[in-house]
> 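Pasting a structure below so you can have a look.
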There are 2 protein chains.
Amino acid sequence: MTYTRNTLAIDSFAALGDPTRRAIFERVAMKPASVGYLAKGLPVSRPAVSQHLRVLKEAGLVTESPEGARRIYRIDPRGIAAMRAWLDSHWAFALDAFKEFADKQDEEKSK
Amino acid sequence: MTYTRNTLAIDSFAALGDPTRRAIFERVAMKPASVGYLAKGLPVSRPAVSQHLRVLKEAGLVTESPEGARRIYRIDPRGIAAMRAWLDSHWAFALDAFKEFADKQDEEKSK
DNA sequence: TACGAGTGTAAGTCATAACTTACCGTAAGT
DNA sequence: ACTTACGGTAAGTTATGACTTACACTCGTA
């Protein structure tokens, strides 16, 4: 069952929902890194990191660029941009709706 | 294994990673609604919706307020705010890092 | 107080996905 | 060419979580 389109933002949420992937993403965001380097600092095997990086790549959150025998992973602005856009589309509305509700609550109390 | 704190933003990503929960959240964001009302518009049972709402509530994405026999769910700005903050903390850096990398790529090519 | 509407929770099932080990390909150095 | 470093993929295991049905609770109304 699919409820909506906008696959980039969607996949990004699912991708960052996993704690291991979020840890990998944060490390890559701090500094571009290879698979082996990332695996050394994490409690999972190298193939696991490799698999997570593929998911992050497909979600538009990181990019891969061969550098000799290694492959350096870097942060990709597209995924973050898509998520920001999705959040912003709800943000203003969320504030309005909540404020209106809060105001009504106050009216109830002061009756 | 837990990698980091900031549980609100973290739980929010995991919560919105599920397509059914994202659908529920989007509907609640558009208009406050009861559990039964939401269930009628979705391909899952009412208890399933109830369980999803609990996850969304614990992630700070919705609030619950009894209204007679019903419980009305509304959007909660805190979850979205936490996610925006998390994203923004990576956003500027992502752009910088990516731009720098792109520039280097250009230098390589023009050698 | 009895009843119907609305909802949360418990328990169990099943699909998904996160992880492991084993294997194979590719690039650089001797 | 051989070897070593690096990393993706396959296959299998296991834990997680999304879903169902059954049950219990609360609130308003007759």
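So that the names make sense, note that chain A is the first sequence line, chain B the second, and so on, each numbered from 1.
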> For D:dG8, does the base pair up with any side-chain atom of A:Arg46 as donor and acceptor (N or O, under 3.5 Å, distance only)?
yes
> In this structure, how many angstroms lie between the P atom of D:dT16 and the CG atom of B:Asp11, rounded?
16 Å
> Please check: side-chain N/O of B:Arg71 versus main-chain N/O of B:Glu64, any donor-acceptor pairing under 3.5 Å?
no
> Less than 4.0 angstrom between a side-chain N/O of A:Thr20 and OP1 or OP2 of C:dA18, yes or no?
no
> What integer distance in Å separates B:Ile72:CD1 from C:dA5:C1'?
13 Å
> Expressed in angstrom and rounded to an integer, what is the separation of A:Leu53 atom CG from C:dC19 atom P?
12 Å
> Which whole-number value in Å describes the distance from A:Tyr73 OH to D:dC6 C1'?
11 Å
> Quick one: is D:dG8 close enough that its OP1 or OP2 comes under 4.0 Å of any side-chain N or O from A:Ser50?
yes
> Write down the distance between CG (A:Leu16) and C1' (C:dA17), rounded to a whole number of angstrom.
16 Å
> Without decimals, in angstroms, what is the distance between B:His52 NE2 and C:dT9 C1'?
15 Å
> According to a strict under-4.0 Å criterion, is A:Arg21 in side-chain N/O contact with OP1 or OP2 of C:dA18?
yes
> So, is B:Arg71 near the phosphate of C:dT7, with a side-chain N or O under 4.0 Å from OP1 or OP2?
no
> Just N and O in the side chain of A:Tyr37: are any of them under 4.0 Å from OP1 or OP2 of D:dG7?
no
> Round to a whole Å and report the spacing from CZ of A:Arg70 to C1' of D:dT4.
13 Å
> Closer than 4.0 Å, any side-chain N/O of B:Ser34 to the OP1 or OP2 of C:dT7?
yes
> Over how many whole Å does the gap from A:Arg54 atom CZ to D:dG7 atom C1' extend?
12 Å
> State, yes or no, whether a side-chain contact exists between A:Val55 and A:Asp18 at a heavy-atom distance under 4.5 Å.
no
> Side-chain contact, heavy-atom cut-off 4.5 Å: B:Trp86 with A:Glu26?
yes
> With a 4.0 Å limit, can you tell me whether B:Ser45 has a side-chain N or O closer than that to the phosphate oxygens OP1/OP2 of D:dC19?
no
> Can you tell me whether the side chain of B:Gln51 and the base of D:dT20 have a donor-acceptor pair closer than 3.5 Å?
yes
> In terms of ring plane angle, is the pair B:Phe13 and A:Phe13 parallel, tilted or perpendicular, where the classes change at 30° and 60°?
tilted
> Using side-chain heavy atoms (C-beta onward) and a distance below 4.5 Å, is A:Glu58 in contact with A:Arg54?
yes
> Measure from the side chain of A:Pro47, starting at C-beta and using heavy atoms only, and say which of D:dT9, C:dC19, D:dT20 lies closest.
D:dT9
